Each structure stands twice: as C-alpha cells, then as structure tokens.
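The structure appears below as structure tokens.
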Amino acid sequence: MRNGKMTRKNWEKLSLLMIPLAAVIVGLAVWGPEVLAQYRDKGILNQIQAQETQTGAEGYRYSLGSNEKVYILSKCLNNQILPESEQNAMTRNKLDYDNLTGIYAFVANKKDASGQDVEESAGIELANQGIRELKERGILPEGIQELSESSYSAVLYSAIDVPDPQNNVLVWKINLDTSLQNANKENRLLDAYVDADTGRIYEFYARTGIDSWDIVDADGIIAAWAEYMELGEPQKYENTNPLAENTPYFRKYTFSGMDKEDVVATVGYYEGINELYLKISR
C-alpha cells in the first residue's frame with residue numbers, strides 16, 4: 001500500500017506539472033505560426049531581394065530575322081492610309097483602296113524596346129550611322145551629307161503584326177524638315193526608315209549628283225543592300241508593270257519574307273531632280 005500511495009502522489013505531482021506544459025503546447029499551436037510569419041516578414045518586407053535565375057538573363061525578348069523584319073515593315077507601310085486630297089480619293093481605284101486595309105499596324109511610339117523614353121537625337125544619330133555604312137558599300141553616293149538635328153525630324157514607330165504582336169519592328173521615320181524655306185536639297189537624304197536596334201536603313205530617298213539613270217548600277221545597289229541587310233540573294237521581279245512607279249527608271253527585286261510570301265524591293269531614279277531611291281513599300 002505504501003508503494004501504491006507513493007505512486008499516486010507521484011502521479012498527482014506529474015499531473016500538476018503537465019497542466020502548464022499542455023498550456024504551452026496549446027499556445028504554440030495557436031499563436032506560434034502567426035508569430036513565426038511576422039518574424040519572417042520582418043526579414044523580407046521593405047528589403048531588396050536578389051535571386052539568380054537559371055538562365056542568368058534579365059529577360060527574354062522575341063527576336064525576328066532580317067527577312068521577317070523587312071516583310072513586316074513592308075506590310076505595315078503598304079497598309080498605311082496617307083493624307084490625300086478629296087480629288088485623289090475619288091479617283092483612286094477601289095481595289096487599291098481595299099488593299100490598304102489589313103492586319104498590320106504602323107503606330108507612333110515614344111519608347112524604345114526596353115520601355116525607355118527616347119529623344120529625336122537618337123534617331124538622327126542612328127540614321128547618320130546608316131548613311132556612313134551605305135556610302136562605304138556604294139549604295140549611296142559619297143556626296144550625301146550627314147543629317148543635322150536642326151534640319152530633320154525623327155519619329156519612332158512600331159510596325160506590328162496585329163494578330164501576333166510579338167512580331168513587331170521598331171523603326172525611326174526620318175524626314176527633311178519641309179518647313180525650311182528654299183532649303184538646298186542637293187546631296188541630302190529626304191526620307192528614310194531606320195531600324196531602331198541596328199541602325200540599318202530599310203528605305204531611303206536622296207537627292208544626288210547622279211544626272212542619268214544610265215550610270216545607276218541598280219543590280220549592284222540591290223546586291224550590296226541585300227548583303228548589308230542580311231536578306232539573301234535578290235531575285236529579279238518578273239512581269240513588272242511599267243506604270244508601277246511615277247518614273248520609267250526603276251527595277252524591282254524580290255526576297256523571301258514570311259508565310260511563303262516574298263518582299264518586293266525597288267531601286268529607282270527621278271530624272272531632272274536627280275533623286276535616287278530604294279524602297280520596300282509600294
């Protein structure tokens with residue numbers, strides 16, 4: 001019995017000790033996760049955390065090939081509805097008017113590919129870079145002057161494939177300021193489209209010292225431009241309509257584009273004003 005009484009006393013003591021222990025366990029179960037979460041939040045909130053990704057890159061930007069970019073830009077330029085007089089609108093062939101609508105958009109933009117605001121000076125600088133390279137390759141005559149910010153405007157555009165907007169091209173549209181009275185246009189670039197990433201010139205019109213179509217090597221110009229643009233070898237465009245341009249002096253060529261469609265590029269010349277052009281639009 002003595003041993004039995006001692007066992008009961010020990011059990012009673014043990015029971016008394018377990019009551020506060022149980023209370024501690026219950027308290028931890030109820031409030032412990034919240035306290036732990038608050039503690040962890042103090043080490044995370046309002047702190048800059050750095051974590052290395054598996055690729056080690058800042059991000060991914062869809063990249064188009066040269067032929068794809070030229071194709072998309074040409075489609076966008078051909079789908080523009082440009083300002084015109086009422087008389088011209090009335091005399092336009094209806095089929096041509098219908099062809100101006102499509103699934104490509106050419107939209108003015110104020111930001112570059114990284115989302116940063118850009119100044120006109122960036123477009124002028126890229127255009128000058130392109131002019132220098134075109135002269136080195138014999139595509140533009142050596143006498144063509146570089147651009148000045150006071151005489152030219154530069155507007156950033158996005159050429160977009162609307163159903164698949166990841167297919168887009170950022171380009172600068174460069175224009176000689178037409179408000180300049182009696183401006184000397186000799187040996188000057190008049191208009192151009194310049195890639196905002198690479199500085200390559202897709203299209204240009206320039207007043208030159210060339211006084212005859214006979215001395216324009218259209219085949220040599222288009223071959224050098226194709227190499228410069230990394231488009232592959234040009235093919236001569238067959239069955240060219242002699243009324244396709246506002247001048248009889250031109251040659252058309254084709255390059256592979258997208259979706260089994262070709263891109264047409266034209267080298268042409270306006271006699272009298274000695275204007276040389278290379279374009280991918282109509």
Side-chain angles (χ1 to χ4, degrees), residues 64-74 77-78 123-148 151-152 154 159 169-176 185-237 240 244-257 262-282:
L64 293 168
S66 296
N67 292 74
E68 294 172 316
K69 293 172 80 171
V70 169
Y71 175 83
I72 290 170
L73 179 57
S74 70
L77 295 179
N78 290 337
I124 300 297
E125 183 179 346
L126 275 177
N128 281 330
Q129 171 187 313
I131 288 172
R132 289 191 290 269
E133 189 161 359
L134 291 188
K135 290 198 290 187
E136 288 174 4
R137 292 174 178 267
I139 300 168
L140 278 175
E142 279 294 331
I144 297 296
Q145 304 173 38
E146 292 194 10
L147 316 185
S148 63
S151 302
Y152 286 84
V169 185
L170 272 178
V171 295
W172 286 99
K173 183 177 181 180
I174 308 295
N175 295 102
L176 179 65
K185 298 179 180 178
E186 185 177 355
N187 286 321
R188 301 187 77 170
L189 194 75
L190 303 181
D191 303 282
Y193 286 101
V194 182
D195 191 287
D197 293 324
T198 66
R200 290 174 181 165
I201 296 180
Y202 291 100
E203 186 170 306
F204 67 80
Y205 290 78
R207 294 287 175 89
T208 70
I210 299 172
D211 59 5
S212 172
W213 171 247
D214 293 335
I215 61 176
V216 175
D217 181 8
D219 291 346
I221 288 173
I222 201 66
W225 180 78
E227 181 181 11
Y228 160 73
M229 295 296 298
E230 300 179 353
L231 296 177
E233 187 175 349
Q235 303 296 321
K236 287 189 177 180
Y237 188 75
T240 300
E245 301 292 321
N246 293 324
T247 172
Y249 307 116
F250 69 91
R251 287 186 185 173
K252 290 183 176 288
Y253 306 84
T254 62
F255 299 90
S256 61
D262 289 338
V263 176
V264 177
T266 308
V267 176
Y269 174 79
Y270 291 112
E271 190 176 38
I273 57 175
N274 301 338
E275 188 170 311
L276 179 70
Y277 65 88
L278 190 158
K279 65 177 185 174
I280 57 173
S281 55
R282 290 194 186 101

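What you see is a predicted model; the values in this text were computed from it and never measured. Below, each value reflects all heavy atoms present in this structure, side chains not excepted, and no hydrogens, waters or symmetry copies.
- Between Ser256 and Asn67, the shortest heavy-atom distance links the atoms O-ND2, 2.8 Å.
- More than 12 heavy atoms of other shown residues, nucleotides or ligands fall within 6.0 angstrom of atom OH in Tyr228.
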**OP:** Please assess Asp191 against Ile174 for the test side chain to side chain contact (heavy atoms under 4.5 Å, CB included), listing each intermediate value before the final yes or no.
**Re:** CA-CA 5 Å; Asp191 303 282; Ile174 308 295; over 6 Å; no
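- In summary, Asp219 and Lys236 engage in a salt bridge, as defined by a charged side-chain N under 4.0 Å from a carboxylate O.
- Side-chain contact check for Phe255 versus Ile222: some heavy-atom pair is nearer than 4.5 Å.
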Ignoring hydrogens and angles, write down the donor-acceptor pairs under 3.5 Å from the side chains of residues 201-208, residues two or more places apart or on other chains.
residue	atom	partner	partner atom	Å
Tyr202	OH	Asp195	OD2	2.4
Glu203	OE1	Ile280	N	2.9
Glu203	OE1	Ser281	N	3.2
Glu203	OE1	Ser281	OG	3.2
Glu203	OE2	Ser281	OG	3.2
Arg207	NE	Glu275	OE1	2.8
Thr208	OG1	Ile210	N	3.1
Thr208	OG1	Asn274	O	3.0

Subject >> Intermediate values then yes/no, side chain to side chain donor-acceptor pair (under 3.5 Å), Tyr277 and Glu245 >> reply: CA-CA 11 Å; Tyr277 65 88; Glu245 301 292 321; 3.0 Å; yes
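- Listed for the Arg282 side chain is a donor-acceptor partner under 3.5 Å among the backbone atoms of Asn78.
- Taking both residues in full, the closest heavy atoms of Gly143 and Asn187 are given as O-CB, 3.3 Å, listed atom of the first, atom of the second, then distance.
- In summary, the side chains of Thr266 and Lys279 do not present any donor paired with an acceptor at a separation below 3.5 Å, with no hydrogens or angles considered.
- In this structure, the side chains of Val70 and Met229 come closer than 4.5 Å at one or more pairs of heavy atoms.
- Between Ser74 and Val263, the shortest heavy-atom distance links the atoms OG-CG1, 4.2 Å.
- Gln235 places none of its side-chain heavy atoms less than 4.5 Å from the side chain of Tyr253.
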**OP:** Decide yes or no on side chain to side chain contact (heavy atoms under 4.5 Å, CB included) for Val194 and Val171, but give the supporting numbers first.
**Re:** CA-CA 5 Å; Val194 182; Val171 295; over 6 Å; no
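- Put simply, CD on Gln145 and NZ on Lys185 are 13.5 Å apart, with the number rounded to the nearest 0.5 Å.
- The environment of NZ in Lys135 is crowded: more than 12 heavy-atom neighbours from other residues, nucleotides or ligands sit within 6.0 Å.
- Taking 4.0 Å as the cut-off between side-chain N and carboxylate O, Arg200 and Glu133 do not count as a salt-bridged pair.
- You'll find the side chain of Glu227 stays beyond 4.5 Å of the side chain of Trp225, heavy atoms only.
- Judged by distance alone, with hydrogens and angles left aside, the side-chain atoms of Gln129 form a donor-acceptor pair with the main-chain N or O of Thr198 at under 3.5 Å.
- Between Ala159 and Leu73, the shortest heavy-atom contact is CB-CD1, 4.0 Å.
- In this structure the side chain of Tyr270 reaches within 4.5 angstrom of the side chain of Asn246, judged on heavy atoms.
- Side-chain contact between Asn175 and Leu190 is absent, with no heavy atoms from C-beta onward closer than 4.5 Å.
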**OP:** For Trp172 and Leu126, run side chain to side chain contact (heavy atoms under 4.5 Å, CB included): C-alpha distance rounded to whole Å, both residues' side-chain angles, the deciding distance at 0.1 Å, then the answer.
**Re:** CA-CA 9 Å; Trp172 286 99; Leu126 275 177; 3.9 Å; yes
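- Minimum interatomic distance between Tyr152 and Leu189 (heavy atoms only, all atoms of both residues): OH-O, 2.6 Å.
- Without hydrogens or angle criteria, Asp262 side chain to Thr254 main chain gives no donor-acceptor distance under 3.5 Å.
- Shortest non-hydrogen contact noted between Leu176 and Ser151 is CD1-O, 3.4 Å.
- Atom CD of Glu146 has more than 12 neighbouring heavy atoms from other residues, nucleotides or ligands inside a 6.0 Å radius.
- Distance check, rounded to the nearest 0.5 Å: CG of Asp211 to CG of Asp214 gives 9.5 Å.
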**OP:** Let me see the working for Tyr269 and Trp213 under side chain to side chain contact (heavy atoms under 4.5 Å, CB included), right down to the final yes or no.
**Re:** CA-CA 6 Å; Tyr269 174 79; Trp213 171 247; 3.3 Å; yes
